[in-house]
Trainee: 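Below: one structure in structure tokens.
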Amino acid sequence: MIEYLYTLEFAEKMDNMDPLGKYRDQFYFPKHSDGKDAVYLCGNSLGLQPKKAKSYIEEVLDDWKELGVKGHFEARRPFTTYHEELGEKMAAVVGAKKEEVVVMNSLTVNLHLMMVSFYRPTQKRYKILIEKFAFPSDQYAVKSQIEFHGLNIDQSLIELEPRPGEVTLQTDDILKLIEEEGDSIALIMLGGLNYYTGQAFDMARITAAGHEKGCTVGFDLAHGAGNLPLQLHNWNVDFAVWCTYKYINSGPGGVAGCFVHKRHINRKDLPRFAGWWGHDKATRFLMDDTFVPIQTAEGWQLSNETVISMAALRASLDIFNEAGMEQIVTKSRLITGYLEFLIHGLKSDDIDIITPNEPHERGAQLSIRMINNNRSLFDKISERGVIADWREPDVIRIAPAPLYNSFKDVYRFVEILKEALSQA
Ligand SMILES: *Cc1c(COP(=O)(O)O)cnc(C)c1O
């Protein structure tokens, strides 16, 4: 255990010892109005741009320019197969086998595609279990799927709520609910890490408990991928979906990720919404009208993917693969712990951290609740060069992204927060 100190020297010492410190220089930091780098702590919302993204995108533009349609097969990285290497690199980030992961579409689209295959309500088993305070897009997606099957939302949706007076969920409560209601639950669909509270769920135990009761278990890893230590294959998760523009730095609207467990890939009984890009590669261009799915997660692809967007993702995945999730998680715990230590050091009655304090129950994000819903504190830190985000009704989310944030960033942030609190 490292003994944290509330000094600039300590933060600098941590930065000097940081094996990931060298990656900071591989990203662009936005500037504050004073011309200095902003204190960017918003990688949970939009990750920073890897410097290599531009040259990777230019490579695609140049090959398209020089080769036109021939670029599909003759580009330096042929457009038709551009996604394959990315799926493999992404698999390492989420703890999956390479045939279980594909990069395609966007997150909510993938969630729908997965529910088409994995939400198969029957007379007895038709409910979906979700968090009451899940990200709205997930709420819309599951409710619209329930209606798509002609079912009633009130009777078919079970929402997990914290105990009265509490903000985060207790694993025991989740497991108990699965035990009690599991027989009627078709699908358990939770966020791996709640975007608002920063709470990470015990996905291994939830998956095991769900399977015990015969439920299908999927996760939305928008805030989990590239952030938490994931073992999707070993945990036996049925499917997962995530975006890549948050912790994985692929740029606004970047192409998303999708995981289908190996044991489902060759199942003939799973329906899916099919498209030509999911068709067997050997015969795809023969233009036959019978769909033969690729025997990997790629079999769920619909369309040929946006290569320009994938080029930006490639720049980021290079860094992820070089650094490795193990080192990233190690630093994440150290730097998030440091942020927590410094905030506690302020001993302020005006703020409160709602994110769990156990390192395995969170990632690189602390959600700071303003007592009395005081948004002015957020405005004050923003004026002073902090880029973070405000979530209604009363939370500032601070995310020290381990690939590019420094301990000094965290120190600077807390000094700014302290000053703002003293003027509140
Ligand atoms: C960010 C986020 C989304 C966004 O969905 P897109 O389809 O990428 O626009 C959805 N769900 C969760 C849980 C998120 O955190």
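Ligands are counted one by one from 1 in listed order, and the atoms in each one are counted from 1 as well. The residues of the chain are indexed from 1 along the displayed sequence.
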Trainee: Are side-chain N/O atoms of H211 and N236 paired as donor and acceptor at under 3.5 Å?
Mentor: no
Trainee: Please state which part of D138 comes within less than 4.0 Å of ligand 1, counting heavy atoms only: side chain, backbone, both or neither.
Mentor: side chain
Trainee: Would you kindly check if the NZ (Lys) or CZ (Arg) of R24 is within the cone defined by 45 degrees around the ring axis of F29 and under 6.0 Å from the six-membered ring centre?
Mentor: yes
Trainee: Report the nearest protein non-hydrogen atom to atom 1 (C) of ligand 1: residue, atom name, distance rounded to 0.1 Å.
Mentor: K246 NZ, 1.4 Å
Trainee: My understanding is that we take every heavy atom of each candidate and find the minimum distance to atom 12 (C) of ligand 1. Doing that for Y245, Y195, F135, Y196, which one comes out nearest?
Mentor: F135
Trainee: What do we get for T108 next to ligand 1 when only non-hydrogen atoms under 4.0 Å count, side chain, backbone, both or neither?
Mentor: both
Trainee: Does K246 make a cation-pi contact with F135 (under 6.0 Å, within 45 degrees of the axis)?
Mentor: yes
Trainee: Provide the number and element of each atom of ligand 1 under 4.0 Å from a heavy atom of H223.
Mentor: 15 (O)
Trainee: Check ligand 1 against A222 and write out every atom of the ligand that is under 4.0 Å from a heavy-atom position of the residue.
Mentor: 2 (C), 12 (C), 13 (C), 14 (C), 15 (O)
Trainee: Between V237 and F259, what is the shortest heavy-atom contact and its length?
Mentor: O-CE2, 3.2 Å
Trainee: Does R397 make a cation-pi contact with W390, if we ask for NZ or CZ under 6.0 Å from the ring centre and within 45° of the axis?
Mentor: no
Trainee: Partners of K54 by side chain to side chain contact (heavy atoms under 4.5 Å, CB included), sequence neighbours excluded?
Mentor: E58
Trainee: Just which atoms of ligand 1 are under 4.0 Å from any heavy atom in D220?
Mentor: 11 (N), 12 (C), 13 (C)
